[in-house]
Structures are given as structure tokens and as C-alpha cells.
Enquirer: 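Sharing a structure with you now.
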Amino acid sequence: MSPRRTAAVVALVLPAALGLGACSSDPSDGRLQVLASFYPLQLVAQEVGGDVVDVSSLTPPGAEPHDIELSPAQVSRVSTSDLVVYLSGFQAAVDDAVAQTDPEHVVDAADHVDLLTLAQEHAHDEHADEDLGGDDAHDEHDHGDLDPHFWLDPSRMPAVTGAVADALTAVSPEHGDEFRARADALSARFTELDARYESGLAVCERDVIVTAHAAFGYLADRYGLEQVGISGLDPEAEPSPARLTAVAKVVRDEQVTTIFFESLVSPKVAQTLADDLGIDAAVLDPIESISESALAAGEDYFTVADANLDALRVALSCS
């Protein structure tokens with residue numbers, strides 16, 4: 001087990017030993033107990049539910065969500081929560097827990113969003129994987145042929161928002177109007193964010209983004225960009241020398257100015273490649289998780305998405 005994965009497991013198990021930590025709340029306050037599998041879904045559940053809900057996440061703040069493992073106490077939490085919101089095919093431990101406990105009220109985001117296949121993402125890429133070292137880029141990381149990172153296209157988020165509102169209404173009909181109003185307000189924020197991206201990326205000198213982890217296929221598909229990942233969907237995958245050589249050729253051919261890395265994964269490979277090529281390295285956050293310190297400072301999905309847009313505009317020389 002890698003050090004990063006070990007840290008994520010420890011972060012999950014220790015709170016359970018101390019009374020479930022972030023995944024525990026006092027049900028005596030009357031709020032609905034909602035369990036989300038990772039941050040973007042937690043945000044939706046909290047924003048839609050408001051003061052009526054107490055939302056916890058199976059992925060601790062700042063932990064990389066792909067490889068979390070759940071304690072027995074957390075699996076039990078899946079069965080006792082009033083609502084579970086997750087994405088099937090993204091976190092194997094969560095899939096197993098849902099199948100094992102069969103909670104009464106569940107929102108599976110995959111039932112409400114059209115997930116892209118890797119073939120769809122690459123259909124219009126000039127630098128398709130067969131030209132970039134093959135299997136390194138096409139690492140499916142137990143996701144099958146589907147890319148799970150739909151939340152990086154904000155236009156896909158209202159569908160999940162509406163599904164959460166419907167599910168909460170089924171649990172607590174007396175609050176249905178409140179849930180719907182809050183869902184409409186949140187959906188409007190996603191729509192506004194989508195419009196900012198469309199406008200901000202409409203006129204750019206370049207359209208190729210080189211990323212450490214191929215998590216940005218939905219963003220690229222939505223806004224007419226081409227993603228070239230150093231690694232595939234697995235953020236821990238080690239690229240081969242052939243892959244690095246191929247990516248370096250793309251950087252030179254397309255006059256790429258920036259290689260993007262993310263905050264939850266070591267930037268070493270991306271930074272080294274950028275240094276070797278004499279270009280910049282910068283953060284492009286997949287918004288899979290946000291650290292406690294960032295949350296305390298007021299960061300959320302929307303502020304991080306806007307920071308991503310700023311970074312893209314600089315890297316692509318957008319006007």
C-alpha cells in the first residue's frame with residue numbers, strides 16, 4: 001500500500017475509533033442524517049438540505065478519494081443514514097458498503113449523469129492515447145471504460161442536485177418546498193459557473209492542457225479543450241519513459257507553457273518534466289477533496305473552480 005493510500009486509511013479509521021469523528025452526529029437534534037461518499041456530493045447534499053440535514057463524508061477533508069477503505073463503523077453508518085449520496089464505480093469500498101447494507105434511500109449520481117467513456121473523450125483528440133504511450137494514458141483504475149469525474153463539468157451538476165432534492169423530499173416531505181428552492185438556487189450557481197468557463201475559454205491561443213492525472217476529460221469535452229495526461233485515471237500510476245517522451249513532444253509541438261499538477265498528489269513528476277522542458281508548473285485542482293484548512297478559509301467547489309479557470313486562462317493565453 002502506498003504512503004498516500006495508507007494515510008487516507010489511517011485518516012478514516014482513527015475517527016471511527018474516536019466516535020466516528022466527522023462521520024458522526026447527534027441524531028437527537030432531529031436533523032436528517034445524510035452520508036456522502038466524497039466532497040462534491042457532500043457539497044450538493046449540504047446546500048440542498050440546509051439546516052434540515054447533517055451531512056458527513058466518507059472521504060475525510062484533504063484525502064484523495066480514489067482508494068479509501070472503510071472501517072466497520074463507517075459501513076454501518078451507510079445502513080443507518082437517512083440518505084446516502086455516492087457515485088458508483090468511483091470508490092470500490094463505497095460500492096461494496098452500499099451493496100452490503102442496501103440503504104433505503106440512495107442517490108447514485110451515475111443514475112442521473114451521462115458519464116463519458118474514454119473513447120468519447122478521445123474521439124476528437126489529435127493526440128489520442130495510441131500516440132502517447134498507450135496503456136499509461138488509458139489506465140482505467142477499476143473504473144471500467146467510464147470516466148467518473150463528471151463534477152468538473154458544472155453543467156452536469158444540476159441533474160444530481162435535483163435528484164438529491166427529490167430524495168430528501170421522499171424522506172422528509174414537509175420540507176420538500178425548501179429542498180426544491182435550495183436545489184434551484186444551487187443549480188443556478190452551477191449554470192453561472194458554466195457560463196464563466198464558456199466565456200473565459202472562448203478565445204485562447206492554445207487548446208491543449210497537459211495534466212499530471214487525466215481527471216479533466218469532462219472539462220475538456222465541455223469547453224473544447226484537449227487533455228493530455230501524464231498518468232491516466234489513476235493518480236498514483238507511474239508513467240513510463242516512453243510516455244514522458246511522448247508528452248514532452250506534445251508540449252513542444254503545441255507550444256504548451258504549463259504542466260498542471262494537483263494538490264492531493266505529489267507534483268514531483270509534473271514538476272520535473274516542466275523543469276526539463278523549461279516551462280511552468282501550476283495547480284489545476286480536480287476538486288475531489290478540500291483540506292480542512294482550505295474549508296476553514298472559505299474555499300469550496302466554486303472558489304476552487306474559479307481558481308482553475310484563472311489558471312487555465314493564463315496557461316492557454318486566453319483573451
Side-chain angles (χ1 to χ4, degrees), residues 2-8 62-67 121-122 125-139 141 147 149 152 200-201 204-217 219-220 223 225-291 293-294 299 303-319:
S2 71
R4 182 170 58 79
R5 182 171 177 181
T6 301
E64 205 286 323
H66 286 77
D67 292 324
E121 290 181 355
H122 299 150
D125 287 357
E126 295 179 8
H127 304 287
D129 286 350
E130 60 266 27
D131 299 321
L132 282 166
D135 291 341
D136 284 345
H138 198 67
D139 181 356
H141 194 52
D147 182 346
H149 303 87
L152 290 168
L201 299 174
C204 304
E205 292 182 10
R206 289 172 290 280
D207 62 5
V208 174
I209 56 172
V210 176
T211 62
H213 166 207
F216 300 91
L219 187 153
Y223 304 112
L225 304 177
E226 180 183 345
Q227 172 186 233
V228 174
I230 297 174
S231 297
L233 290 180
D234 181 357
E236 290 188 357
E238 291 291 336
S240 67
R243 176 69 182 179
L244 292 172
T245 298
V247 172
K249 183 177 186 302
V250 171
V251 168
R252 290 189 292 267
D253 290 349
E254 299 296 332
Q255 299 182 339
V256 171
T257 66
T258 306
I259 293 179
F260 290 110
F261 62 91
E262 56 193 77
S263 56
L264 299 180
V265 179
S266 171
K268 181 178 179 180
V269 173
Q271 185 69 66
T272 299
L273 183 58
D275 290 345
D276 289 346
L277 295 170
I279 63 174
D280 295 330
V283 171
L284 194 66
D285 197 316
I287 327 182
E288 296 173 344
S289 183
I290 297 182
S291 69
S293 60
E299 297 294 314
T303 63
V304 175
D306 280 328
N308 280 350
L309 176 57
D310 290 342
L312 286 168
R313 284 177 50 78
V314 171
L316 300 177
S317 298
C318 302
S319 58

Enquirer: Identify the two heavy atoms, one from G62 and one from S289, that lie closest to each other, and give their separation to 0.1 Å.
Expert: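 Looks like N-OG, 2.8 Å.
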Enquirer: Any chance you could measure F260, atom CZ, to I230, atom CD1, to the nearest 0.5 Å?
Expert: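 Result: 11.5 Å between the selected atoms.
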Enquirer: Between S317 and R206, what is the shortest heavy-atom contact and its length?
Expert: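 For S317 versus R206, the nearest heavy atoms are OG-NH2, 2.6 Å.
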Enquirer: Which distance, rounded to the nearest 0.5 Å, do you find between the CD of E262 and the CD of E64?
Expert: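 Output value for this atom pair is 7.0 Å.
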Enquirer: Going through the distances and angles, do T258 and V314 end up as a side-chain contact (heavy atoms from CB on, under 4.5 Å)?
Expert: CA-CA 9 Å; T258 306; V314 171; 5.8 Å; no
Enquirer: Give the minimum heavy-atom separation between T257 and A315, together with the two atoms involved.
Expert: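 T257 and A315 have their closest heavy atoms at OG1-O, 3.0 Å.
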Enquirer: Output the distance between atom CZ (R313) and atom OG (S319), rounded to the nearest 0.5 Å.
Expert: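 It comes to 7.0 Å.
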Enquirer: Which distance, rounded to the nearest 0.5 Å, do you find between the CD1 of I209 and the CD of E226?
Expert: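 So the gap between those two atoms works out to 9.5 Å.
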Enquirer: Which atoms form the tightest heavy-atom contact between R243 and V228, and what is the distance?
Expert: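 Shortest heavy-atom contact: NH2-CG1, 4.3 Å.
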Enquirer: Looking only at non-hydrogen atoms, find the nearest pair between A270 and I259 and report the distance.
Expert: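 Smallest interatomic distance, heavy atoms only, reads CB-CG2, 3.8 Å.
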Enquirer: For L316 and D207: C-alpha separation, side-chain torsions, deciding distance, then whether side-chain contact (heavy atoms from CB on, under 4.5 Å) applies.
Expert: CA-CA 6 Å; L316 300 177; D207 62 5; 5.8 Å; no
Enquirer: Side chains of residues 274-285: which donor-acceptor pairs under 3.5 Å do they make with residues two or more places apart or in other chains?
Expert:
from: D275; atom 1: OD1; to: Q271; atom 2: NE2; distance (Å): 3.0
from: D285; atom 1: OD1; to: I287; atom 2: N; distance (Å): 2.7
from: D285; atom 1: OD2; to: S263; atom 2: OG; distance (Å): 3.3

Enquirer: Looking at every non-hydrogen atom in both residues, tell me the closest pair between F261 and P267 and how far apart they are.
Expert: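 Minimum heavy-atom contact is CD1-CB, 3.4 Å.
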Enquirer: For A215, is there any backbone N or O sitting under 3.5 Å from a side-chain donor or acceptor partner on Q227?
Expert: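 Yes; at least one donor-acceptor contact below 3.5 Å.
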Enquirer: If the plane angle is over 60° it's perpendicular, under 30° parallel, otherwise tilted; pick one for H66 and H149.
Expert: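 Correct class here is tilted.
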Enquirer: Would you call V251 and L273 a side-chain contact if the rule is heavy atoms closer than 4.5 Å?
Expert: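 Sidechains of L273 and V251: no contact.
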Enquirer: Rounded to the nearest 0.5 Å, what separates atom CG in L312 from atom OH in Y223?
Expert: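 One finds 10.5 Å between CG of L312 and OH of Y223.
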